[in-house]
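Scroll down for the structure; my scribbles are underneath it.
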There are 4 protein chains.
Amino acid sequence: MNKTSKNQLRTRLKESTREAILEAAAAVILKTKTDIRMEDIAAEAGVAIGTLYNYFTSRQELMDTITQKRRSAAEAYIRQSQADTEGMQISSRLRHLFQTLFKFLEKHRAVTHHSLTFKLSQDDASGQPPLIAIVNEYVLDLLQTALQHQEIRPEYMDIYPLVISAYIKEIFAIVAEQEEGDKMPDYSTRLVELFMKGAQAS
Amino acid sequence: MNKTSKNQLRTRLKESTREAILEAAAAVILKTKTDIRMEDIAAEAGVAIGTLYNYFTSRQELMDTITQKRRSAAEAYIRQSQADTEGMQISSRLRHLFQTLFKFLEKHRAVTHHSLTFKLSQDDASGQPPLIAIVNEYVLDLLQTALQHQEIRPEYMDIYPLVISAYIKEIFAIVAEQEEGDKMPDYSTRLVELFMKGAQAS
Amino acid sequence: MNKTSKNQLRTRLKESTREAILEAAAAVILKTKTDIRMEDIAAEAGVAIGTLYNYFTSRQELMDTITQKRRSAAEAYIRQSQADTEGMQISSRLRHLFQTLFKFLEKHRAVTHHSLTFKLSQDDASGQPPLIAIVNEYVLDLLQTALQHQEIRPEYMDIYPLVISAYIKEIFAIVAEQEEGDKMPDYSTRLVELFMKGAQAS
Amino acid sequence: MNKTSKNQLRTRLKESTREAILEAAAAVILKTKTDIRMEDIAAEAGVAIGTLYNYFTSRQELMDTITQKRRSAAEAYIRQSQADTEGMQISSRLRHLFQTLFKFLEKHRAVTHHSLTFKLSQDDASGQPPLIAIVNEYVLDLLQTALQHQEIRPEYMDIYPLVISAYIKEIFAIVAEQEEGDKMPDYSTRLVELFMKGAQAS
DNA sequence: GATGAATGAGACTTCATTCAT
DNA sequence: AATGAATGAAGTCTCATTCAT
């Protein structure tokens with residue numbers, strides 16, 4: 001590390017160093033997918049390896065922190081969507097949820113990337129439910145309400161959760177494959193429409 | 001015994017060891033997800049570590065072989081489905097494809113498991129298109145035919161591939177989460193029906 | 001490592017490699033007292049670091065093994081002394097014990113060295129009683145027998161164990177300071193005599 | 001306030017910080033035996049790590065200072081005992097020495113603890129004679145005087161130093177094992193008596 | 001002078017790979 | 001061709017020391 005970057009670091013506040021490390025880790029995750037080496041994170045953050053260990057007791061803890069931050073953030077987004085659409089029709093609610101997830105994912109691309117995507121990552125020793133479980137729970141609630149209001153056909157109730165879950169995972173995948181800054185069409189509206197109306201030509 | 005038949009025997013024996021190693025590797029992958037160690041594969045196969053290197057020049061090659069075998073097998077299944085349903089309606093063709101994929105996945109659980117699932121695994125240095133690309137290509141073809149035959153609404157043509165892809169990934173996920181031998185409902189038929197008719201209550 | 005020593009190693013039997021490592025570790029302990037590095041042990045044994053881990057799962061285990069081997073060996077010596085002098089007078093028994101310890105220590109110089117000497121070494125996670133405890137227990141038994149036989153003055157019974165323990169530790173210290181191969185006077189006989197008769201000039 | 005007194009104040013303050021650090025180090029040594037970390041010493045002293053380095057150029061120097069202070073203090077005690085008992089009988093002198101050492105050790109428990117006990121600690125790079133050497137030198141002098149005065153049997157003169165040394169080490173050990181504030185019997189008197197009279201039952 | 005975050009050399013440990021038997 | 005002990009590069013983590021504030 002050269003003198004300049006070192007000085008820059010010194011002037012940074014302690015809290016921001018922690019954040020800088022997390023951001024660096026996120027960047028490395030985005031770049032390298034697996035085999036995330038502490039050395040690379042340190043280099044990306046512009047600090048020495050030892051510094052990482054001043055903020056996180058182990059590699060595991062650093063990874064868990066990233067995973068958990070992402071989950072918390074996502075959960076907040078989802079709860080917000082839930083609150084914002086209380087009482088609306090299912091189509092509006094689903095569209096809003098999809099749009100919310102798109103927004104969330106664009107903000108957290110890096111972190112979401114790290115295989116955290118849809119399964120309880122083996123790196124995550126927190127015992128917290130994986131993000132997808134949180135989403136699924138909300139979707140199930142949403143579908144049951146819609147069913148009670150007779151907005152959706154009861155005969156497919158067994159596979160609705162599965163289908164919506166598939167849509168959401170696809171949204172994750174789409175964002176993951178997108179390059180930073182790419183413009184995307186409004187998939188949310190169209191997905192919900194198709195889901196409601198079906199593909200069958202009249 | 002002449003030289004030739006002896007060599008043939010050798011070749012056959014060698015091939016079976018090779019297969020045993022691949023199966024062992026598949027089993028280990030299924031058990032451990034990541035961190036697949038050569039030592040564990042050797043133990044599972046009942047051979048020495050050195051033997052692995054008599055059949056594969058490196059860990060990478062062993063992994064690639066598994067990935068590629070799986071891809072070839074899957075491709076064969078898909079082509080078969082394509083041939084078997086030539087000229088049929090899209091709903092039948094999709095249902096058949098889904099059923100085919102279920103069958104394939106149950107046969108190749110282990111191998112499919114290894115994150116090989118839907119992206120060009122970083123372990124795969126073969127440069128071959130990932131399995132999902134093959135599926136998507138076929139699905140696109142299938143959709144275009146359906147469009148020409150006015151079986152599906154043209155206005156959602158941009159998101160059909162995406163939706164079917166989502167369904168297929170979900171199928172992969174369902175099988176992956178299933179325990180060996182679990183009985184599963186006929187998702188294929190219902191998924192296709194829902195896709196065609198939509199969720200909207202009449 | 002050069003080719004020659006490598007070949008020498010390869011021809012060594014597996015069990016002897018383990019022993020060679022333990023001996024090498026003992027030699028390093030003798031040389032460096034503290035800061036015993038795995039690298040140095042490997043170098044001393046003429047093997048690579050990784051080889052150490054083929055025989056011991058960790059540094060800790062290697063150290064514990066040394067400690068425990070030494071303890072077992074010492075215990076055997078002590079038990080033997082006990083058996084050999086059953087029924088004799090205390091002076092003979094003590095002399096025999098001292099001589100036995102001298103013999104043991106000369107055989108196990110290296111290993112005894114490593115602070116293992118008299119306390120439950122912090123390196124030893126085995127939960128076994130430290131060597132000195134074993135000795136002390138035997139000595140106490142020996143003193144009580146002598147007391148019953150009225151061979152020793154009862155009024156100092158509280159400090160006899162302490163004094164004998166001090167003698168024994170001194171024996172350990174003497175051997176530790178001795179260079180390999182040094183000739184030593186017969187401390188055992190004289191120590192016991194002095195202990196029994198006292199220093200007071202007539 | 002003139003320059004001089006200001007500097008004196010500074011010096012005094014500095015000295016007290018220095019002392020605080022040494023005491024803290026002593027406390028940590030007492031607690032942790034080995035693995036004495038600068039961070040722990042700083043925490044115990046209530047100063048920053050950097051402050052340690054304002055008073056000691058290195059960990060080594062800090063440790064050496066402790067060792068040497070202890071040696072100086074002990075030497076003063078021993079010289080005092082020597083002076084106080086000039087011309088007395090050996091039994092009185094030994095008893096006084098033992099009592100003096102007990103007193104010293106209780107005052108300096110912590111520092112004495114750190115394996116500094118009886119050998120030229122590897123931490124001590126000062127080249128000074130270890131404490132035990134100082135004691136032994138005095139004891140030798142004391143024994144030779146007693147021999148001249150025919151107070152002790154000449155035939156064990158070769159092992160007297162060794163035995164007294166063993167006693168003294170045992171005293172160190174006893175104090176080390178004692179908890180702070182434990183009450184101890186008067187070992188000094190009884191040890192000397194036993195040494196002089198012997199254990200042999202009349 | 002005090003501070004303590006940052007540093008990085010160095011120790012431990014793992015595991016893909018080699019190669020003599 | 002099979003074996004598996006030996007190898008050592010590479011990764012994680014620790015902690016004495018530095019230095020800008």
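Lettering of chains follows the sequences in order, A, B, ..., and the numbering in each one begins at 1. Not measured: the values here are computed from a predicted model. Quick note: numbers below take in every heavy atom, side chains included, and nothing from hydrogens, waters or symmetry partners.
- Here the side chain of D:T51 pairs no donor or acceptor atom with the backbone of D:V47 at under 3.5 angstrom.
- In this structure, D:R59 atom CZ and F:dT17 atom P are separated by 8 Å, rounded to whole Å.
- For C:R37, the listed nucleotide lying nearest its side chain is E:dA11; candidates were E:dA11, F:dA16, E:dT14.
- Look at CD on B:E39: it is 9 Å from P on E:dA16, rounded to the nearest Å.
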State the dot-bracket string of DNA chain F. Criteria: Watson-Crick or G-U wobble, both atom distances under 3.5 angstrom; notation: ( ) intrastrand, [ ] crossing earlier pairs, | interstrand, . unpaired.
.||||||||||||||||||||

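- Across the protein-nucleic acid pair, B:Q60 atom CD and E:dC15 atom P stand 17 Å apart, rounded to whole Å.
- Taking side-chain N and O atoms only, D:N54 has no distance below 4.0 Å to OP1 or OP2 of E:dG1.
- Spacing between atom CE of B:M63 and atom C1' of E:dA16 amounts to 11 Å, rounded to whole angstrom units.
- Contact check, B:Y53 against E:dT17: a side-chain N or O comes under 4.0 Å of OP1 or OP2.
- A salt bridge links A:K69 to A:E19: at least one charged side-chain nitrogen sits closer than 4.0 Å to a carboxylate oxygen.
- At least one donor-acceptor pair under 3.5 Å links the side chain of C:R59 to the backbone N or O of C:I36.
- The phosphate of E:dA2 has OP1 or OP2 within less than 4.0 Å of a side-chain N or O from D:Y55.
- Once rounded to the nearest 0.5 Å, the distance linking CG of D:D35 with CD1 of D:I29 reads 12.5 Å.
- Spacing between atom CZ of B:F56 and atom C1' of E:dT18 amounts to 18 Å, rounded to whole angstrom units.
- Checking E:dA16, E:dG4, E:dA11 against every side-chain atom of B:M38, the shortest atom distance belongs to E:dA16.
- Within the 4.5 Å cutoff, no side-chain heavy atoms of A:M63 are placed close to those of A:F56.
- Here F:dA6 is the nucleotide among E:dA6, F:dA6, F:dT3 with the atom lying nearest to any side-chain atom of C:T51.
- Take the nearest nucleotide of DNA chain E for B:G50 and for A:G50: the residue whose nucleotide is more 5' is A:G50.
- Atom pair A:I21:CD1 and E:dA6:C1' shows a separation of 10 Å (rounding to whole Å applied).
- The residue among C:S58 and A:I49 whose nearest nucleotide of DNA chain E lies closer to the 5′ end is A:I49.
- Distance CG (C:D35) to P (E:dA9): 19 Å, rounded to an integer number of Å.
- For C:E61, there are no salt bridge (Lys or Arg N to Asp or Glu O under 4.0 Å) partners at least two apart in sequence or on another chain.
- Between C:T17 and the phosphate of F:dA6, there is a side-chain N or O to OP1/OP2 separation shorter than 4.0 Å.
- Contacts of C:K31 classified as side-chain contact (heavy atoms from CB on, under 4.5 Å), with partners at least two apart in sequence or in another chain: C:E44.
- Between B:A48 and C:L52, the one whose closest nucleotide on DNA chain F sits nearer the 5' end is B:A48.
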